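Predicted model, so just to flag it, every value in this text is computed and none were measured.
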Amino acid sequence: MNIKWEYKKNKKVDFSPEDLGISKTLFDILIRKKLYTKGEMESFLNPSYERDIIDPYKFNSIKLAIDRIKKAVSKKEKICIYGDYDADGVTSCFLLYNFIRKIKGNVIHYIPNRETEGYGLNKDALNNYIKNNNVSLIITVDTGIVNCDCVSYSKDLGIDVIITDHHVEDPKRTPKCAIAIIDPKMKNSNYPFSELSGCGVAFKLCQAIALSYKDKKKKDDLSAWLKWNLDLVAISIVTDIMPVVSENRAFLKYGLLVLNKTRNAGLKELIKTTIKKDNITSSDIGFVIGPRLNAAGRMDHANTAFYLLKEKDKESISSYVRSLSRLNTNRQKVVSSFFSKFISENKEMKSIVIIRADDLSVGLVGLAASKIKEYYNLPCFVFTFTDGLLVGSGRSLDGYDITEALKKNEKYLLKYGGHKMACGCSLEEKNYEDFRNSVISDFNKFNTPDSIFKKISIDLDIKLSNINRNLLEDISKLEPFGKDNEKPIFSSKKLKVTDTKIFGKTFDHFKFTVSQDNNYFNVIAFSKASLSSDISIGDEIDLVYEIEENIWRGVSEIRLKFIDYKKLN
C-alpha cells in the first residue's frame, strides 16, 4: 500500500503566540488549520453561541415556511414531520416534531423503512399513512431536496410540503411546487454556511419560528428550550460527519455541554448504560451513541431510535436501550461474519473490489464496503438484491473519485450519488455484469503504483521531550474534534524501540515503548498485533501518532496512539 506522509503547510503571520497568550506549539497547530489572523484563532479557541450561531432569517424562503407552519398550528391542521432513517434523520425528526408540539401544533411523524421504502418521500407513504391521517402539511427533515415527483403528487392530493434538507440539489429534480425549501447547499439559499447537518437545518427552522413571536416571554422561553435540545444537533453533526467548523463548531461545543447534563430521559439512560463516565465527548457520540441510533434503521426500523428520544416511561426507555444495543451487536456480528468469510476466501485482491452480498441488508452494504476497502487498500463496491433491484454502496481511497466512476458508467445505473470517497447507486440485475466489467476495466487503465494512496496529514514533527501535560492541555483547547478539526497528528524521528508486547483478551493489540534522549513513551496500536513481526526491540523508527491520556486504575499516563511508522535500520 502506498502511504504518503504529508506535512501540513506552515505560513508566516504578522503576530506571535504571545499576542494570544498561547504556546508556540498550539500556535503552530492553529496555523496548520489555516487560521491566519488573531480573530480567527480567538474565535476558534473560544466558540460563542451568541457570536457564531447565524441568523436563521438569512435563509431566503424561511419566512414562507414560518407563515405556513404558524397558520397550520393556529388552525389545528395535521402536520407530518417526514424524516430519514439514520441518526441525523431521527434527531432532526424528533427535534422538529417536539418543537411543533411545544407550540401546540397537531403533529405526527413518519420515517420510511430503509429496506422496503428507501430514501426520501414515497407515494405509498403519501397514499396510505399520510393521506389516511388527514395531513395537510408535510415538513421534511434531512430529505426531500430531489423529491420533485412526490412533492408534485402531494400537491395533487391537497397536501402542502415544506422541504428542510442539507443535501446537494439537482436542478432537474428540485421540488418547484414546495411551499418553501430550506437547504444551505442550494445555490440561492443565501445562507452563509453550507455545511449544516439535517438536524442543524431543522434547528434553524425552529429558531426562526421562536424568534417570530412578538411576545418576548414566549420568544425567550422557546429559545431557551431550543438550547436544551442542542444535544440532538451535536449527535447529528458527529454521526453525519459534518465539518466541525464555523457554526457547527459552536453547535457541537454547546451540544456536548447539554449532552453531559441532558434532560432527554432516553439519551440519559443510553449514556448511563453504555458509556458510564463523567465527560461525554464527540468520540463517545461517534463510537457509542451514534452506532446504536443508526443500528435501528440499519437492522430494523428507525422508529426504535425515535421512540427512545420521545419516551418518558422508565421501563419503556430501558426496553428501547436494550433493543438498540442488541441491534447494534447484531449489526457488528453480521458484518464481521461476512467480512471474515470474504477475506478467508479472497487472500489477495489486485483491482477494485465489486461484489454481490445478497445476504446483507441494504443498511449494511456500506459498512461492509468500508471494511473491505480498509483491509485490501482498494476501492470497493458491495451490492445486495432488494425489491427487484441491486442496491450498492461504494468506498474509496485518496486518488480515486468513486462517484466519478459511477458518472462514467451511468448508462448502467438507475440512480446514483455521493462524493469522491463514498457513494451509493442502484441498477437492474441484468446490467450488473456489464457495469462491473466496465468499472474494473476503467480502474485497471487508471491504476498505477502511485495513483491510489492513503494520505496521512501530519500537523507537527516534534521531539519526545516536547510531550508533557502542557501539550495535553493545548490539545484539549482544540476540542471538540470531528471532520475538518481532527485531533492533531504528530511525528517524531529516529526513535529507539526498547520494549514490545502483544496484549488483549484475544491478543490482538500491540504495545511498544520508544525512547529518544532519555524520554520514554508507550505506543498503543489497537487491533495491530501483526506489527509484532515487524517492530522489534532495538529497531530505530520514525513514528506518526496521536497523543492521549490513559487512566487505568486511577493512574494517569501520557501515551502515543499509533498511526504509522517507517523502519530506519
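Partners of D165 by side-chain hydrogen bond (donor to acceptor under 3.5 Å, both in side chains), not counting sequence neighbours, listed by chain and number: H167.
The aromatic rings of Y400 and F446 sit tilted, their planes meeting at an angle between 30° and 60°. Between F306 and Y97, the ring planes are perpendicular. Angles over 60° get that label, and only those under 30° would be called parallel.
To the nearest 0.5 Å, the span separating OH on Y254 from OG on S48 amounts to 5.0 Å. Summarising the geometry, atom OH belonging to Y520 is positioned 9.5 Å from atom OG1 belonging to T513; distances are rounded to the nearest 0.5 Å.
Annotation: cation-pi pair K11/Y36 present, NZ/CZ under 6.0 Å from the ring centroid and within 45° of its normal.
Test D534, V514, V544 against Y565 for side-chain contact (heavy atoms from CB on, under 4.5 Å) and you get one pass: D534. Between V244 and the choices D484, L252, L478, V238, the side-chain contact (heavy atoms from CB on, under 4.5 Å) rule is met once, by L252. Considering R51, K204, K58, K253 as possible partners of E247, the one that fulfils the salt bridge (charged side-chain N to carboxylate O under 4.0 Å, His left out) test is K204. Across D183, D142, T143, a single residue satisfies side chain to side chain donor-acceptor pair (under 3.5 Å) together with H166, and that is D142.
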Audit row: D401, K407, salt bridge (Lys or Arg N to Asp or Glu O under 4.0 Å) steps and yes/no: CA-CA 10 Å; D401 186 334; K407 190 174 182 180; over 6 Å; no

Stepwise side-chain contact (heavy atoms from CB on, under 4.5 Å) check, F490 with I29: CA-CA 10 Å; F490 300 92; I29 292 172; 4.0 Å; yes

Worked check of side chain to side chain donor-acceptor pair (under 3.5 Å) between D284 and T281: CA-CA 5 Å; D284 296 311; T281 66; 3.2 Å; yes

Side chain to side chain donor-acceptor pair (under 3.5 Å) between Y49 and K227, worked out: CA-CA 10 Å; Y49 189 88; K227 286 183 180 179; 5.6 Å; no

Test log, rule side chain to side chain donor-acceptor pair (under 3.5 Å), inputs N248 and E195: CA-CA 8 Å; N248 279 349; E195 298 297 335; over 6 Å; no

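No donor-acceptor contact under 3.5 angstrom links the side chains of S197 and D240, judged on distance only. Between S336 and Q332, the side chains place no donor N or O within less than 3.5 Å of an acceptor N or O (distance only, hydrogens not considered). If you check the side chains of S189 and N60, you find no donor sitting under 3.5 Å from an acceptor. For the 3.5 Å distance criterion, the side chains of D461 and S491 qualify, holding a donor opposite an acceptor.
Classification of K217 and D221 as a salt-bridged pair fails, no side-chain N sitting under 4.0 Å from a carboxylate O.
In summary, the aromatic rings of F339 and Y375 are positioned with their centroids under 6.0 Å apart.
Side chains of D542 and W5 form a contact here, defined as non-hydrogen atoms less than 4.5 Å apart. For the pair V497/I541, a side-chain contact is recorded, criterion being any heavy-atom separation below 4.5 Å from C-beta on.
Pairs engaging residues 498-517 under the ring-ring contact (aromatic ring centres under 6.0 Å, His included) rule: F503-H509, H509-F526, F510-F512 [sequence neighbours left out].
Put simply, the side chain of N98 never gets that close to the backbone of F94: no donor and acceptor are under 3.5 Å apart. Of the possible polar contacts, none joining the Y416 side chain to the T403 backbone as a donor-acceptor pair under 3.5 Å is found.
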